[in-house]
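We use all heavy atoms of the structure for the numbers below, so side chains are in, but hydrogens, waters and symmetry mates are not.
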Amino acid sequence: MHKPALPMDGPDTYNDRIRIVLVETSHSGNIGAVARAMKNMGLGNLWLVNPKSFPDEASYARAAGASDVLDRAQVVGSLAEAIDDCVLVMGTSARGRKVPWPVMPPPEAAETASEGAAGGSVALVFGRESNGLSNDELQHCHHHIHIPSNPEYSSLNLAMAVQVMCYELRMLYLRSLEGGEGSPYLKPMSAPGDAGWDVSPASVRDVEGFFGHLEQMLVDVEFHRRENPRQLMTRLRRLFQRARLDQMEVNILRGILTAAQKAAGKAPNQRQSTDGESSATGQEEGHV
């Protein structure tokens with residue numbers, strides 16, 4: 001029993017017009033892994049040229065929720081059948097052939113494929129796990145795609161190679177939506193204030209209250225001397241300002257400071273524990 005398919009989510013042009021073609025795949029589990037890689041990136045048009053075994057349980061097990069891609073897969077007996085109605089064919093290849101052929105890395109290949117899809121079906125062809133595409137098969141391709149992997153260990157798993165191309169197509173699609181629905185997927189989320197962050201940024205007042213509390217705690221535990229401060233607080237300020245704290249993080253840190261003061265037998269003053277403010281005068285109240 002294979003896992004049920006999840007809903008497809010991707011651009012119709014890519015789903016319908018850009019097809020992933022696998023030639024004589026020997027391990028059916030790789031077909032399932034390819035289906036999963038495709039669906040991750042919003043593609044769903046899979047063609048299989050004379051696979052050794054398909055469909056079978058291994059392929060559906062490896063698909064992990066992308067069974068609809070396998071259900072729709074077209075199985076044909078030759079590469080000629082798989083690309084017969086295509087206006088553009090691109091095959092994955094290693095460099096170094098006797099007769100040079102137009103070759104491009106994945107980002108440029110994705111752009112070329114996307115442009116070609118405006119005029120009809122485009123095939124991205126991937127060869128056998130053991131030895132890739134034959135010279136004759138590559139000569140049926142308008143362009144060769146070379147994935148610049150580590151030359152000391154250049155062999156990619158079939159699904160990995162497909163994932164690279166599907167990812168480039170996905171990124172190209174999302175960039176075309178930038179400023180609209182695609183924008184949130186491309187913009188980084190690294191600090192409070194960024195779209196998607198769960199807590200609002202801490203205000204200057206909150207952060208200054210924390211710094212005052214931090215300095216008082218360091219005095220209380222006899223780690224810091226105000227009369228001989230050196231650069232301790234400056235460096236700590238630089239550290240925490242670099243972190244760009246949010247409101248919850250400030251609350252957590254101040255809770256830690258209060259616990260440290262209590263453990264040291266130095267109860268925090270009332271002003272620090274209630275309103276989050278601390279001035280130099282307020283810090284020194286009750287300081288021994």
Side-chain angles (χ1 to χ4, degrees), residues 9 36-37 40-41 64-65 106-107 147-153 156-157 160 163-164 166-168 170-171 174-175 177-288:
D9 176 23
R36 182 176 184 178
N40 282 155
M41 299 296 123
I147 299 173
S149 55
N150 178 5
E152 296 180 3
Y153 190 63
L156 273 71
N157 173 274
M160 293 178 183
Q163 183 81 79
V164 169
C166 292
Y167 168 80
E168 294 294 347
R170 180 68 174 172
M171 291 300 290
L174 290 175
R175 282 194 293 270
L177 301 179
E178 194 163 4
E181 60 181 298
S183 185
Y185 297 97
L186 298 174
K187 289 184 177 179
M189 183 184 69
S190 58
D194 292 344
W197 200 269
D198 60 337
V199 180
S200 299
S203 67
V204 171
R205 176 182 178 182
D206 292 335
V207 175
E208 288 302 314
F210 161 70
F211 284 134
H213 195 170
L214 174 62
E215 183 175 15
Q216 182 62 55
M217 185 277 294
L218 293 173
V219 170
D220 288 345
V221 300
E222 299 182 358
F223 186 85
H224 172 58
R225 294 180 179 276
R226 287 198 180 94
E227 65 273 14
N228 186 26
R230 298 181 184 273
Q231 296 296 318
L232 176 63
M233 291 310 300
T234 298
R235 292 186 180 278
L236 287 174
R237 273 181 171 272
R238 184 175 68 178
L239 168 65
F240 285 105
Q241 294 285 39
R242 197 164 67 236
R244 293 182 61 191
L245 299 170
D246 66 33
Q247 292 175 352
M248 181 62 71
E249 290 164 345
V250 168
N251 290 340
I252 292 170
L253 288 170
R254 296 202 63 171
I256 294 171
L257 297 179
T258 297
Q261 287 174 299
K262 289 179 179 178
K266 304 284 187 177
N269 64 55
Q270 186 66 24
R271 191 175 182 186
Q272 288 176 341
S273 61
T274 57
D275 66 4
E277 296 181 22
S278 59
S279 63
T281 303
Q283 291 170 33
E284 290 170 359
E285 290 175 359
H287 175 60
V288 177

inquiry  = Can you confirm whether K266 sits close enough to V221 that some side-chain heavy atom of one is under 4.5 Å from a side-chain heavy atom of the other?
reply    = no
note = Tightest non-hydrogen contact, residues M248 and V199, listed as N-CG1, 3.6 Å
query = Which heavy atom of E168 sits nearest a heavy atom of P106, and at what distance?
reply = CG-CB, 3.8 Å
query = Can you check whether R226 reaches E215 side chain to side chain, under 4.5 Å on heavy atoms?
reply = yes
ask   = Can you tell me how far the CZ atom of R170 sits from the CG atom of L174, to the nearest 0.5 Å?
value = 4.5 Å
key: Reported CG-to-CG distance for the pair L257 and D220, which is rounded to 0.5 angstrom   = 10.0 Å
ask   = Is any side-chain heavy atom of L218 closer than 4.5 Å to a side-chain heavy atom of M233?
value = yes
ask   = Looking only at heavy atoms, what is the nearest atom pair of M41 and Q163, with distance?
value = CG-NE2, 3.4 Å
Where at least one partner belongs to residues 228-237, residue pairs that pass side-chain hydrogen bond (donor to acceptor under 3.5 Å, both in side chains), sequence neighbours excluded = E208-R237
request  = Applying side-chain hydrogen bond (donor to acceptor under 3.5 Å, both in side chains), name anything that partners D246, two or more places apart in sequence or on another chain.
outcome  = W197
Within-4.5 Å side-chain heavy-atom neighbours: Q241 and F211 = yes
query = When you look at CD of E152, are more than 12 heavy atoms from neighbouring residues, nucleotides or ligands closer to it than 6.0 Å?
reply = no
